[in-house]
Amino acid sequence: MASAQSRTAKRRQNKPQDVGDEMKRASKHPWVQNLARMGYVGRGLLFAAIGFLALQVALGNGGQPKDQTGALAAIATQPFGRVLLIVIAIGLVGFSLWGFIRAAFDPLRRGNDTGGIIARIGFLISGISYGLLVFPTIQLITGASTQPQNSTQKTQDITAQVMQQPWGPWAIGIVGSLVIAWAVAQLYQAYTGKFELDFKSHVMTRLEKQWAEPIGRVGISARALVFTLIGAFFIQAALQHDPQDAKGLDGALLAIAQWSGGPWILILVALGLIIFGLYSILAARWMDVT
């Protein structure tokens, strides 16, 4: 009787570990890896579209800069737009899943020290943020929506709700600081070329190895600069106790356009975002997703 009870207790004790091991094995399944690679393609198409639309604004072709949802809506109006949206939707699911896998199972070997934990929290946030884009993309595919709410509107609404709490301004300030810290870390990776550590160099041609570093450095830096500005707007909103000061991606690009010499700066940023989109698409082949 005691022996049977001990076996039962042992099975119960091992069950969480067994489940975790099973999930880790499932995360390495080929279809999960292929979905993650599709995620890089989807992210690349999205940022290339954002950069292209920002470039049109900078060149004086009217309109305002777009965020991710605005870019999705613009894609929907193009020939074969629905097909592209389906590809992007699959990619968004894949990149969201890849974010959760990187956070939980650490396939990129970031570790459990302070830097590793921060990186894995970033992966978790990436999984959530790209997952939230899946629903508006499906709405556009099905025709249920033609103009999703932009990121600045959503950012200001959420900021206003948070700032109703006594601790709200502090929370928004911390968010802004974390966004800036993440952006600075991205700039550091771009400067040092550390992003290449995640590449499967043995599958890359000599030409790919030659161009991977400059493409990655320019693209990652452009995105990081925009997010540095987003973080600064969060801090400004916290200091001024005004949620209208918070901006999303589209608001940050619009702010650049309104600077002295802003159109020229926006041209450079827009080209950088297009290059980041290209880098992300190429990373679908280069990136180690095992």
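Being a predicted model, the structure only gives us computed values, none of them experimental.
The hydrophobic clustering, which links ILVMFWY residues whose side-chain heavy atoms are closer than 4.5 Å, places Leu268 and Leu55 apart. Both Ile90 and Leu84 belong to a single network of hydrophobic side chains, linked directly or stepwise wherever heavy atoms of I, L, V, M, F, W or Y lie under 4.5 Å apart. The cluster map of Ile, Leu, Val, Met, Phe, Trp and Tyr, joined by side-chain heavy atoms under 4.5 Å apart, puts Phe80 and Leu53 in different clusters. Hydrophobic cluster membership is shared by Val87 and Phe47, with clusters built from Ile, Leu, Val, Met, Phe, Trp and Tyr side chains linked at under 4.5 angstrom. Transitive grouping of hydrophobic side chains (ILVMFWY, heavy atoms separated by less than 4.5 Å) keeps Leu178 and Trp182 in distinct clusters.
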Subject >> Criterion side chain to side chain contact (heavy atoms under 4.5 Å, CB included) on Ile180 and Ile235, from CA distance to verdict >> reply: CA-CA 10 Å; Ile180 292 175; Ile235 293 176; 3.7 Å; yes

**OP:** Determine, step by step, whether Phe52 and Leu273 satisfy the side chain to side chain contact (heavy atoms under 4.5 Å, CB included) criterion, reporting the C-alpha distance in whole Å, the side-chain angles of both residues, the deciding distance to 0.1 Å, and the verdict.
**Re:** CA-CA 8 Å; Phe52 177 77; Leu273 293 177; over 6 Å; no

**OP:** Show your working on side chain to side chain contact (heavy atoms under 4.5 Å, CB included) between Arg217 and Phe195 and close with a plain yes or no.
**Re:** CA-CA 9 Å; Arg217 280 183 168 176; Phe195 59 89; 3.9 Å; yes

**OP:** Start with the C-alpha distance between Leu46 and Leu92, add both sets of side-chain angles, then the distance that settles side chain to side chain contact (heavy atoms under 4.5 Å, CB included), and finish with yes or no.
**Re:** CA-CA 10 Å; Leu46 199 52; Leu92 290 173; 4.2 Å; yes

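When only modelled atom types and interatomic distance are considered, Trp98 and Tyr130 share no side-chain donor-acceptor pair under 3.5 Å.
Between Ile220 atom CD1 and Ile275 atom CD1 the span is 12.0 Å, to the nearest 0.5 Å. In this structure, CG on Leu35 lies 12.5 Å from OH on Tyr40, to the nearest 0.5 angstrom. Rounding to the nearest 0.5 Å places CD of Glu208 at 15.0 Å from CD of Glu213. Rounded to the nearest 0.5 Å, atoms CZ (Arg223) and OG1 (Thr228) are 11.0 Å apart. Rounding to the nearest 0.5 angstrom, the gap separating the CD1 atom in Ile86 from the CG atom in Leu140 is 12.0 Å. Note that the CE atom of Met204 and the CZ atom of Phe199 stand 5.5 Å from one another [nearest 0.5 Å].
Counting all heavy atoms, side chain and backbone alike, Pro107 lies closest to Ile101 at CD-O, 3.6 Å. Leu253 and Lys66 get closest at one heavy-atom pair: CD1-O, 3.9 Å. The nearest pair of heavy atoms linking Met163 to Ala237 is CE-O, 3.5 Å. Summarising the geometry of Thr137 relative to Leu72, their closest heavy-atom pair is OG1-CD1, 3.2 Å, with the distance given to 0.1 Å. For Ile230 against Ala252, the heavy-atom pair with the smallest separation is CG1-CB, 3.7 Å. For the residue pair Gln156 and Pro243, the shortest heavy atom distance occurs at CG-O, 3.4 Å.
In this structure, Ser126 and Phe95 have side chains that are in contact, with non-hydrogen atoms separated by less than 4.5 Å. The shortest side-chain heavy-atom distance between Leu187 and Tyr191 does not fall under the 4.5 Å cut-off. Between Asp106 and Arg120 the shortest side-chain heavy-atom distance falls below 4.5 Å. Annotation: side chain of Ile50 is in contact with side chain of Gln68 (closest heavy-atom distance under 4.5 Å). Contact of the Val269 side chain with the Val226 side chain is registered, since non-hydrogen atoms from C-beta on lie closer than 4.5 Å. Using a 4.5 Å heavy-atom cutoff, the side chains of Ser96 and Val134 are not in contact. Side-chain contact between Phe233 and Thr155: absent, with no pair of heavy atoms (C-beta onward) separated by less than 4.5 Å. The side-chain heavy atoms of Lys200 and Met287, taken from C-beta on, include no pair separated by under 4.5 Å.
Below 30°, between 30° and 60°, or above 60°: for Tyr279 and Phe276 the angle between ring planes is between 30° and 60°, a tilted geometry.
A donor-acceptor contact shorter than 3.5 Å is absent between the side chain of Ser280 and the backbone of Gly277. A distance-only check finds no donor-acceptor pair linking the side chain of Arg37 to the backbone of Gly94 [under 3.5 Å].
Salt bridge Asp250/Lys154: absent, no basic N to carboxylate O contact under 4.0 Å. Salt bridge Glu196/Lys209: absent, no basic N to carboxylate O contact under 4.0 Å.
Within 6.0 Å of CH2 in Trp170 there are 12 or fewer heavy atoms belonging to other residues, nucleotides or ligands.
The only option from Gln189, Arg110, Arg102, Arg109 that meets the side-chain hydrogen bond (donor to acceptor under 3.5 Å, both in side chains) definition with Asp198 turns out to be Arg110. Checking each of Asp245, Val162, Leu239 against Ile172 for a side chain to side chain contact (heavy atoms under 4.5 Å, CB included) leaves exactly one that passes, namely Val162.
The hydrophobic cluster around Ile121 extends to Ile117, Ile125, counting ILVMFWY residues whose side-chain heavy atoms fall within less than 4.5 Å of a member.
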